[in-house]
Amino acid sequence: RDESAYYNRGIAKGELKDYYGAIADYSKAIEINPRKRNAYFNRGLDKEAIGDSKGACIDMKKASSLGDENAVKWVRNQC
């Protein structure tokens, strides 16, 4: 079970504006590898796109805690 397949599919779905599908794929990638910070970051962006600000902040804070500098900035400005 390789989280990168789910992660890459999440990226593709996000680009197609299938945000719910992307969120599901990122969630699966995170289930396989809970330290995959870019999956939290991208899932946060897609949650923001569907209007789930609270969920976006939770994911961005997690990505931030795992060392994602873009998430740190996002949290500072959005949460």
Rounded distance [0.5 Å steps], [atom1] in [X] versus [atom2] in [Y]:
X: Ser4; Y: Ile32; atom1: OG; atom2: CD1; value: 9.0 Å
X: Asn42; Y: Met60; atom1: CG; atom2: CE; value: 7.5 Å
X: Leu45; Y: Asn38; atom1: CG; atom2: CG; value: 11.0 Å
X: Asp46; Y: Lys17; atom1: CG; atom2: NZ; value: 10.0 Å
X: Asp25; Y: Arg9; atom1: CG; atom2: CZ; value: 4.0 Å
X: Ile58; Y: Asp52; atom1: CD1; atom2: CG; value: 7.5 Å

| said: Suppose the criterion is ring pair (Phe, Tyr, Trp, His ring centres under 6.0 Å): which pairs have a residue in residues 23-67, not counting sequence neighbours? | reply: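 Only Tyr7-Tyr26 qualify under ring pair (Phe, Tyr, Trp, His ring centres under 6.0 Å).
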
| Contact summary for Gly21 and Asp18, nearest pair of heavy atoms |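 What the structure gives for the nearest pair is N-OD1, 3.0 Å.
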
| request: Measure across Gly14 and Ala22 and return the closest heavy-atom pair with its distance rounded to 0.1 Å. | output: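 Smallest heavy-atom distance, with atoms named: N-CB, 3.7 Å.
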
Taking only distance into account, with no hydrogens and no angle test, what donor-acceptor pairs under 3.5 Å do side-chain atoms of residues 69-79 form with protein atoms, sequence neighbours excluded?
from  : atom 1 : to    : atom 2 : distance (Å)
Asn77 : ND2    : Lys73 : O      : 3.2
Gln78 : NE2    : Glu48 : OE2    : 2.9

| message | Given Leu66, which partner from the list Lys36, Arg35, Lys61 fulfils the side chain to side chain contact (heavy atoms under 4.5 Å, CB included) test? | response |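 Per the side chain to side chain contact (heavy atoms under 4.5 Å, CB included) rule, the option paired with Leu66 is Arg35, out of Lys36, Arg35, Lys61.
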
| Who else is in Tyr19's hydrophobic cluster (ILVMFWY, side-chain heavy atoms under 4.5 Å, direct or via others)? |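 Direct or chained contacts put Tyr19 with Tyr20, Ile23, Ile50.
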
